[in-house]
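None of these values were measured; they are calculated from a predicted model. When a ligand or atom number is given, it counts from 1 through the structure's own listing order.
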Amino acid sequence: MNRRVKLFLPGPTEVLDEVLEKQALPLIGHRSSEFSSLYEGIVGKLKMLFGTDYHAFVFTSSATGVLEGFIRNFVKRRVLIPVNGSFSKRWVEAAELNGKEVKALEIEWGRAIRPEMVAQELRSSHYDAVMVVHNESSTGLTNPLKEIAEAVREVSPDTLILVDAVSGMLGVPLELEAWGIDAVAASVQKAFALPPGLTVAYVSDRAMEFSKGVENRGMYFNFEKMLDYYNRKRQTPFTPNISLMFALDHQLNRILEEGLENRYRRHREMASLVQTWALERFDMFPEEGYWSPTISCISNTRGLPVGEFIQALKERGYAIVNGYGPLRGKTFRVGHMGDLTPDDVKGLIDAMDEVIKERGW
Ligand SMILES: *Cc1c(COP(=O)(O)O)cnc(C)c1O
């Protein structure tokens with residue numbers, strides 16, 4: 001395997017050596033005071049990052065577990081899910097598998113969720129929660145979450161707003177209290193630029209209150225248990241990935257030092273480089289105005305053999321991916337998030353141009 005392949009994937013993303021190395025620190029016990037201070041520090045930094053008073057949690061799991069946990073903890077009976085990509089589709093299946101009543105609002109892939117569609121559905125029927133994917137990784141599209149949340153708040157103030165911000169958090173601007181989001185989660189192998197294995201979640205007080213009346217919330221992803229354990233011991237109820245938490249703690253220091261605004265700006269710059277290139281050579285897949293700052297989904301208008309293109313780039317030290325599911329071959333995707341820089345992106349663009357030229361595509 002070529003150790004020097006740079007990851008421009010929708011996840012996992014590049015991890016700096018100094019962050020990787022933190023995982024090799026000697027272990028501490030998860031019931032020790034050292035762990036309590038580590039976890040308390042992490043929770044404090046997570047809150048500081050978004051300037052929020054929400055509860056912050058770190059689960060040892062990929063985000064799917066925690067988002068399924070949202071469905072189990074924050075939906076009594078009915079949930080509304082606008083679907084415009086593979087991840088929103090996945091939450092419909094997860095809600096069904098957990099015995100919830102789901103209404104999927106289907107929208108063409110590549111088109112953004114219209115707040116008015118959500119409002120209209122909420123006017124005709126009541127839902128415990130609306131679940132929204134902020135940044136659809138399958139189509140490279142950022143949904144207008146702020147406007148959707150506004151519409152929900154206006155029409156059905158007691159409906160909780162649950163958000164999959166997995167590939168967006170720290171790369172796509174997000175506000176918690178100001179937008180009235182109730183629960184949001186992101187796994188750390190995307191814009192947090194860490195190895196996979198942890199998920200960060202923020203939950204409002206009112207969602208925590210609501211969860212107390214929900215049955216069959218389960219054990220591992222039970223937010224009340226998580227909060228109770230945190231309040232009493234500054235620990236997690238079950239054994240966490242301590243090594244990865246060392247890395248998360250270090251990475252949070254780095255991110256706080258960079259500042260969220262600078263991080264957002266860097267992501268915008270990287271996205272804009274890829275978008276400019278894509279518009280010259282191909283076309284962007286999602287509708288204009290909603291292009292994601294973290295993942296570009298590019299329409300394969302030249303009909304190039306995407307598999308071969310990806311392989312040739314890998315030989316040059318760059319990893320990108322094919323389109324997702326039904327978009328395979330018709331699109332390809334470039335992830336530009338985490339600790340990658342505009343210079344890294346320029347390197348990838350040069351390599352893509354070289355390959356296209358060399359193969360006469
Ligand atoms: C990657 C991703 C997921 C899945 O996250 P896991 O950490 O693999 O469970 C969910 N939603 C979106 C939008 C993603 O990009």
**Item:** Residues forming a salt bridge (charged side-chain N to carboxylate O under 4.0 Å, His left out) with Asp158, sequence neighbours excluded
**Value:** none

**Item:** Any pair counted as salt bridge (Lys or Arg N to Asp or Glu O under 4.0 Å), so long as it reaches residues 198-214, sequence neighbours left out
**Value:** Asp182-Arg206, Glu209-Lys212

Write 'none' if nothing qualifies; otherwise put on separate lines each N/O atom of ligand 1 with a protein N/O atom under 3.5 Å away and their distance to 0.1 Å.
| from | atom 1 | to | atom 2 | distance (Å) |
| --- | --- | --- | --- | --- |
| ligand 1 | 7 (O) | Ala63 | N | 3.0 |
| ligand 1 | 7 (O) | Ser187 | OG | 2.8 |
| ligand 1 | 7 (O) | Gln189 | NE2 | 2.9 |
| ligand 1 | 9 (O) | Ser62 | OG | 2.5 |
| ligand 1 | 9 (O) | Ala63 | N | 3.2 |
| ligand 1 | 9 (O) | Thr64 | N | 2.8 |
| ligand 1 | 9 (O) | Thr64 | OG1 | 2.5 |
| ligand 1 | 11 (N) | Asp164 | OD1 | 3.4 |
| ligand 1 | 11 (N) | Asp164 | OD2 | 2.7 |
| ligand 1 | 15 (O) | Ser137 | OG | 2.4 |
| ligand 1 | 15 (O) | Lys190 | NZ | 2.7 |

**Message:** Suppose we call two aromatic rings close when their centres sit under 6.0 Å apart. Are Phe282 and Phe332 close by that rule?
**Reply:** yes

**Message:** Please report the interatomic distance CG(Leu198) to OG(Ser187), rounded to the nearest 0.5 Å.
**Reply:** 9.5 Å

**Message:** Can you list everything that forms a salt bridge (charged side-chain N to carboxylate O under 4.0 Å, His left out) with Glu269? Sequence neighbours excluded, please.
**Reply:** none

**Request:** State which residue, out of Ile113, Val166, Asp164, fulfils the side-chain contact (heavy atoms from CB on, under 4.5 Å) condition with Val133.
**Result:** Asp164

